[in-house]
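Throughout, numbering of the chain's residues begins at 1 and tracks the sequence.
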Amino acid sequence: MTTATHLRRRQIAASAVLATACAVSLLAPSVPASADSPPPTAAAASTAPFAPFFSSASLFSSSASSGERHAARGSVVSRTEVADLTAAEVAARLERAGIDASQVRYGVRAHRVVYRTRDAKGAPTTASALTAVPANGRRHLQAVSWLHGTTVYRGDVASVNPDSTDRAAALLFASTGRAVSAPDYLGLGEGPGTHPYGDPRATVDAALDALRATRTVVRRDGRTLARRVKVSGFSQGGPATMMFGRALQQRVDPSFRLGALAPIAGPFDLSAFEAAAADDKIVRSSLYLAYFTVAWDRLYGLYDAPGEAFRAPYDKTVETLFDGDHTSSEIAAALPPASKDLFTEAFLEKVRHPTGELRRRLNTLDTTCDWRPTVPMHLYHAKGDKDVAYDNTLHCQAQLTGNGAEHRLTDIGQADHNTTVRKALPLVAREFN
């Protein structure tokens with residue numbers, strides 16, 4: 001890639017940063033709150049570092065009327081059935097995934113839904129999600145939003161891969177009687193482009209608009225979706241749970257209310273997580289850090305040329321590897337396992353000791369728990385996790401405690417990262433019932 005191209009990318013990224021900083025109400029409601037809507041609490045209006053992403057610029061940036069904008073965001077482009085399972089088939093699927101199936105009560109019908117949303121720069125785009133509903137005949141359904149973990153290959157998400165843990169998570173929640181919205185995020189599944197890994201606005205937009213699309217799908221089947229939404233997510237989906245939960249509590253859409261939060265094994269202290277990856281102190285350190293680096297360069301401009309961050313010969317290939325079309329196995333085979341062999345020492349030092357714009361962006365992801373949820377809040381993690389250290393959840397817990405938030409923390413024990421979610425999911429499903 002030429003230096004001119006990189007300079008242009010950095011100009012675009014700088015413009016996006018300026019637009020975010022200067023805007024007036026990023027996630028403010030687009031329509032007036034209903035008469036029975038209580039005013040936001042003082043905690044919801046927290047001035048913690050994370051708050052500007054949810055109090056600066058109108059959520060709907062087009063010049064159309066409020067009603068027209070609301071209709072466009074989250075509107076359904078297509079719906080494709082991907083599963084129609086009996087309760088016994090759901091139970092068998094969960095058991096194959098290593099997930100306790102004792103709570104399964106109903107069969108499940110699931111669809112891949114393509115819906116309208118906006119990209120990380122605010123331009124109109126589409127994304128996909130899995131919606132799952134119970135085959136129980138009930139007309140009014142409680143809602144769950146499930147937010148998945150780090151995924152590099154667009155075909156591994158819940159709406160596409162029937163064997164994914166995220167598909168199993170949606171089946172579990174739906175089989176207990178809930179309607180499930182499981183966004184693939186931008187750039188994954190059937191969404192165009194590349195995934196803006198960890199970008200706060202893109203994360204919230206994808207989850208919110210997927211929820212709106214799920215409501216439309218449910219209505220088309222003659223059913224209704226409850227206003228209160230219970231949110232859970234794993235790994236990358238842990239901070240996503242807290243970001244989306246905060247937006248719901250701040251009345252990002254007055255037709256929804258936050259009902260409960262249950263993040264699982266999230267990297268809530270992203271600065272420490274990336275620094276640990278730079279020092280090769282976590283499993284798959286080079287892959288995690290490379291995904292972060294490439295995605296954030298696309299978003300914010302971390303380097304002028306790949307050679308500033310990546311050693312030769314990887315500087316010529318690493319950006320292409322994270323295009324959404326390569327599997328994690330393909331990427332792992334193409335990269336050295338250690339960060340010290342993939343990255344330049346100068347770049348690793350920037351990650352260990354971030355300054356300027358990188359420091360500011362990381363701080364936003366370090367403070368996703370720095371507010372006071374007013375709903376049941378339960379953290380899940382395992383001290384045996386070698387991908388995302390348990391200290392990340394202790395970091396989240398400390399921020400919640402500092403804000404006076406009531407919460408619980410459950411240690412899953414000596415489980416690895418992926419086993420953590422399989423063990424935690426039945427606990428979350430039971431709590432959400």
Side-chain angles (χ1 to χ4, degrees), residues 27 30-31 58-84 108-133 141 143-148 151 153-162 164 166-167 169-171 174 179-197 199 201-225 229 231 237 240 244 247-248 252-253 255-256 323-325:
L27 292 179
S30 62
V31 295
S58 173
L59 179 62
F60 305 103
S61 56
S62 74
S63 60
S65 70
S66 177
E68 291 170 335
R69 293 193 294 266
H70 196 283
R73 292 274 307 279
S75 60
V76 174
V77 176
S78 66
R79 179 175 73 160
T80 305
E81 185 176 291
V82 295
D84 188 1
V108 176
R109 190 179 181 203
H111 290 85
R112 178 170 56 251
V113 177
V114 176
Y115 61 94
R116 300 188 188 283
T117 186
R118 64 179 179 178
D119 65 18
K121 294 182 173 62
T125 189
T126 58
S128 56
L130 182 80
T131 67
V133 295
L141 298 172
V144 171
S145 177
W146 171 255
L147 306 177
H148 69 74
T151 304
Y153 176 52
R154 67 180 72 251
D156 277 341
V157 291
S159 78
V160 178
N161 184 357
S164 71
D166 298 297
R167 174 75 68 89
L171 293 176
V180 183
S181 173
D184 297 330
Y185 305 151
L186 299 183
L188 297 171
E190 293 197 352
T194 55
H195 175 48
Y197 190 34
D199 181 72
R201 186 173 73 174
T203 298
V204 172
D205 282 351
L208 175 62
D209 293 337
L211 185 61
R212 290 168 171 158
T214 300
R215 179 177 57 193
T216 298
V217 169
V218 167
R219 284 175 175 172
R220 287 179 181 177
D221 290 338
R223 308 169 89 171
T224 58
L225 197 65
V229 183
V231 188
F244 187 37
L248 289 175
V252 62
D253 184 330
S255 60
F256 294 113
D323 58 2
D325 296 322

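S255 and D253 are linked by a side-chain donor-acceptor pair at a separation below 3.5 angstrom, with hydrogens and angles left out of the test.
For P124, there are no side-chain contact (heavy atoms from CB on, under 4.5 Å) partners, not counting sequence neighbours. For A213, the side-chain contact (heavy atoms from CB on, under 4.5 Å) partners two or more places apart in sequence, or in a different chain, are V76, V113, Y115.
The distance from atom CG of L141 to atom OG1 of T214, rounded to the nearest 0.5 Å, is 11.0 Å. Taken from CG in D119 to OG1 in T194, the straight-line distance is 10.0 Å, to the nearest 0.5 Å. Taking CZ from R212 and CG from L225, the interatomic distance works out to 13.0 Å, rounded to the nearest 0.5 Å. In this structure, T224 OG1 and R215 CZ are separated by 11.5 Å, a value rounded to the nearest 0.5 Å. Here CG of L248 is found 7.0 Å from CG of L211. Values are rounded to the nearest 0.5 Å. Rounding to the nearest 0.5 Å gives a distance of 14.0 Å between NE2 of H195 and CG of D323.
Across all their heavy atoms, S128 and G191 have their closest contact at OG-N, 4.1 Å. In this structure, P183 and W146 approach most closely via the heavy-atom pair CD-O, 3.4 Å. The nearest pair of heavy atoms linking R118 to L186 is O-CD1, 3.6 Å. Closest approach of V160 to P162, counting heavy atoms only: O-CD, 3.2 Å. Nearest heavy-atom pair, L130 versus A158, reported as atom, atom and distance to 0.1 Å: CD1-O, 3.9 Å. Heavy atoms only, all atoms of each residue included: D156 and T151 are closest at CB-CG2, 3.8 Å.
With a 4.5 Å cut-off on side-chain heavy atoms, L208 and F244 count as touching. Annotation: side chain of R116 is in contact with side chain of V77 (closest heavy-atom distance under 4.5 Å). Residues R73 and T117 have side chains in contact (heavy-atom distance under 4.5 Å, counting atoms from C-beta outward).
In this structure, R112 does not pair ionically with D184, as no charged nitrogen and carboxylate oxygen lie closer than 4.0 Å.
Counting heavy atoms of neighbouring residues, nucleotides and ligands inside a 6.0 Å radius, atom CZ of R223 exceeds 12 of them.
Side chain of R154 to main chain of E190: no donor-acceptor pair is present (N/O by atom type, distance under 3.5 Å, no hydrogens or angles).
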